[in-house]
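Encoded as structure tokens, the structure appears first; notes follow it.
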Amino acid sequence: MTSIVARRPLIADKPDVVAIIGGGFSGALTARAVLQHTDREVVLVSPEVRPGRGVAYGTAEPWHLLNSRAAAMSVDADDPQHLVRWMRAQGLPAELTDFVPRARYGDYLADQFTAASAAAGGRLRRHIASATAVRKTPDGYEVVDDSGCVVRADHVILAVGSPPPQRLPGISDAAFRSVEFVADPWAVGALDAVPSDEPVLLLGTGLTAIDVALSLTAGGRRTPIEALSRHGLVPQAHPVTPPPAVDLGLRESPRLAPLIRRVRQAVADGADWTAVMDHLRFQADRLWAALDTDAQERFLRHCFRHWETHRHRMAPPIAARVAELRAEGTLRVRSGRMTAIVPDPDGGLIVHIEGEEPRRYGAVITCSGPGPVTPRVSALIGDDSTLRGPHGLGIDTDDDGRVLDADGRVQPGLWLVGPLRRGRVWEATAVPEIRGQVDRMVAVLPARLPTV
């Protein structure tokens, strides 16, 4: 049985203790793998009562679907049928090519975590709290939580997920504090107070904006929703039927231009662009690592947004619904640069967009994606120098997930798994890539800290 420890000091004195911080997808998958493939004791430090769901799956509505087919989403890389079998066992029809509801996927992850912990023979201990500090000690680490309790461990694995959305420049303090401004659409009840009879502005046009638009219109809303971003680009759609796989035979290059030419030529020669992107997705880390720093910077400046909209696509039913909303005028997507948001004395918010007259909205919702790494993690590990990963995209690690300091030296016993690996690797946000991170890390996780 899994023991749950809440709000009392927890001292783990036995050797080979692994403390995992975070109870979302990354943390639950990591805990499951450590329990299944090692004999170590695990202490999971997270506020979630039932780990696995996290932000992505814990607040999903029934109409929110995964952005990848079921075949890619199993917890075991060697068993692509695993999720489909679980769905069918729940009496839910499913095929490998289906896009499963995100809430159901959250149930699947929570169930897999529960099963692994039950089979671990008491090696898992839950600490239901939020970690506030990780301190190095002569013989390992101490993890402190928000009630002052301490967990002692040989290894600490940071699995904290993506940072919350950042506050965009130009938003006044009064606007930011107002009930009409939604800083985090994934917070519980965040959309409850959004008016249905006044126009709403979404800051962002990516997958988060799509999810929010679906939620706001689920009850038949007709009042316009506008989605604004610099380029006004929305995610592309998955094809209903997966196209035949392609292999471009891409070679590493320090320059970006040869890679772009090869991709464009493949599409011009008749390859399905979605198949090309799916191929690139699994080559991306290798190709990214070979690019020199200038080429990586050029990619971030000129290609990043186009990559995101083609790589992270909408499920066909979602794309069809978005097309309906746009055709009827309920959802309007546009490009522009927001310069200021201030309260309207009569209620609502006044939004200033460059080159346009100010406009009033009943609510403004941040849909701009994850914010910067530093504010969230520097307070946890107490070392800003650790956060200076390539291009400021994440935390620097070696290939196995060991956190590096500012001088590129491994910090023994401190590991990272999940989206914050981006920068050192390119693909770090989706299930197959995080699953690969976990498998590689667990395979090299030493039993004891090396003597340093």
Side-chain angles (χ1 to χ4, degrees), residues 67 162-171 182-183 185 199-214 216 224-238 256-257 259-261 263-264 267 273-274 276-278 280-281 284 288 291 294-315 318-327 329-341 349 351-359 361 364-372 391-393 419 422-423 426-430:
N67 301 313
S162 297
Q166 64 177 321
R167 176 175 172 176
L168 299 176
I171 303 172
V182 179
V200 171
L201 179 65
L202 312 182
L203 298 177
T205 58
L207 289 172
T208 298
I210 297 301
D211 286 340
V212 170
L214 292 178
L216 294 179
I225 300 168
E226 289 189 10
L228 176 76
S229 68
R230 288 290 190 94
H231 300 95
L233 297 174
V234 298
Q236 298 292 314
H238 281 281
L256 187 60
L259 300 177
I260 292 178
R261 283 198 299 268
V263 169
R264 287 176 172 168
V267 176
W273 72 263
T274 61
V276 171
M277 286 302 299
D278 291 343
L280 280 173
R281 176 242 185 104
W288 175 259
L291 293 173
D294 288 343
Q296 290 180 345
E297 291 287 355
R298 282 196 298 275
F299 178 87
L300 293 172
R301 286 195 305 270
H302 303 299
C303 304
F304 173 71
R305 186 56 186 152
H306 294 278
W307 170 274
E308 292 289 283
T309 58
H310 288 76
R311 159 69 181 86
H312 299 284
R313 304 189 288 268
M314 294 183 285
I318 300 299
R321 177 58 180 153
V322 169
E324 291 177 2
L325 293 174
R326 297 183 72 175
T330 305
L331 175 62
R332 303 170 182 172
V333 179
R334 54 192 299 250
S335 60
R337 187 173 77 89
M338 183 275 293
T339 58
I341 300 178
L349 297 169
V351 179
H352 296 256
I353 298 173
E354 189 174 64
E356 301 181 14
E357 291 295 319
R359 300 185 62 182
Y361 295 90
V364 176
I365 304 172
T366 298
C367 302
S368 55
H391 313 291
L393 297 175
R422 196 173 217 184
W426 180 249
E427 285 290 309
T429 60

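As a basis for the values below, the full set of heavy atoms in this structure was taken, side chains included, without hydrogen atoms, waters or symmetry mates.
- Of all non-hydrogen atoms in Gly206 and Pro235, the two that sit nearest each other are C-CG, 3.9 Å.
- In this structure the side chain of His238 never reaches within 4.5 angstrom of the side chain of Met314, judged on heavy atoms.
- Once rounded to the nearest 0.5 Å, the distance linking CE of Met277 with CD of Gln236 reads 10.0 Å.
- Taking both residues in full, the closest heavy atoms of Arg167 and Ile171 are given as NH2-O, 2.8 Å, listed atom of the first, atom of the second, then distance.
- Note that CD of Glu297 is 12.5 Å distant from CZ of Phe304, once rounded to the nearest 0.5 Å.
- Evaluation of the salt bridge (Lys or Arg N to Asp or Glu O under 4.0 Å) rule for Glu308 yields Arg422 as partners, not counting sequence neighbours.
- His310 meets the ring pair (Phe, Tyr, Trp, His ring centres under 6.0 Å) test with Trp273; sequence neighbours excluded.
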Decide yes or no on side-chain contact (heavy atoms from CB on, under 4.5 Å) for Thr274 and Arg313, but give the supporting numbers first.
-> CA-CA 9 Å; Thr274 61; Arg313 304 189 288 268; 3.9 Å; yes
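- Under the 4.5 Å side-chain criterion, counting only non-hydrogen atoms from C-beta, Leu168 is in contact with Leu203.
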N/O donor to acceptor pairs below 3.5 angstrom from side-chain atoms of residues 364-371, sequence neighbours left out:
none

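- The distance from atom CD1 of Ile318 to atom CG of Asn67, rounded to the nearest 0.5 Å, is 8.0 Å.
- No side-chain heavy atom of His231 sits less than 4.5 Å from a side-chain heavy atom of Thr205.
- Electrostatic pairing of Arg230 and Glu354 does not count as a salt bridge here, judged by no charged N lying under 4.0 Å from a carboxylate O.
- Annotation: side chain of Leu291 is in contact with side chain of Leu259 (closest heavy-atom distance under 4.5 Å).
- Considering only heavy atoms from C-beta on, Leu256 comes within 4.5 Å of Phe299 through its side chain.
- The distance from the CZ atom of Arg332 to the CG atom of Leu228 is 13.5 Å, given to the nearest 0.5 Å.
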Test Val322 against Val234 for side-chain contact (heavy atoms from CB on, under 4.5 Å), laying out the working first.
-> CA-CA 10 Å; Val322 169; Val234 298; 6.0 Å; no
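- Val351 has its side chain out of reach of Pro358: every pair of non-hydrogen atoms, C-beta onward, lies at least 4.5 Å apart.
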Verdict with reasoning, Glu356 to Arg337, per salt bridge (Lys or Arg N to Asp or Glu O under 4.0 Å) = CA-CA 10 Å; Glu356 301 181 14; Arg337 187 173 77 89; over 6 Å; no
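- No side-chain heavy atom of Arg311 sits under 4.5 Å from any side-chain heavy atom of Asp278.
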Take Leu300 and Leu393 through the side-chain contact (heavy atoms from CB on, under 4.5 Å) test and state the conclusion after the steps.
-> CA-CA 10 Å; Leu300 293 172; Leu393 297 175; 4.2 Å; yes
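- For His352, the ring pair (Phe, Tyr, Trp, His ring centres under 6.0 Å) criterion is met by no residue, not counting sequence neighbours.
- Residues Gln296 and Trp288 share a closest heavy-atom pair of NE2-O, 2.8 Å.
- Here the shortest heavy-atom pairing between Gly204 and Ala227 reads O-CB, 3.6 Å.
- In this structure His312 satisfies the ring pair (Phe, Tyr, Trp, His ring centres under 6.0 Å) test with no other residue, sequence neighbours excluded.
- The CG atom of Leu201 sits 9.5 Å away from atom CG of Leu349, with the distance rounded to the nearest 0.5 Å.
- Residues passing the side chain to side chain contact (heavy atoms under 4.5 Å, CB included) test with Thr309, sequence neighbours excluded: Leu233, Arg305.
- Residues Gly232 and Val333 approach most closely at O-CG1, 3.6 Å, considering heavy atoms.
- Annotation: the span from Leu216 atom CG to Ile225 atom CD1 amounts to 4.5 Å, rounded to 0.5 Å.
- In this structure, Leu202 and Ala209 approach most closely via the heavy-atom pair CD1-O, 3.6 Å.
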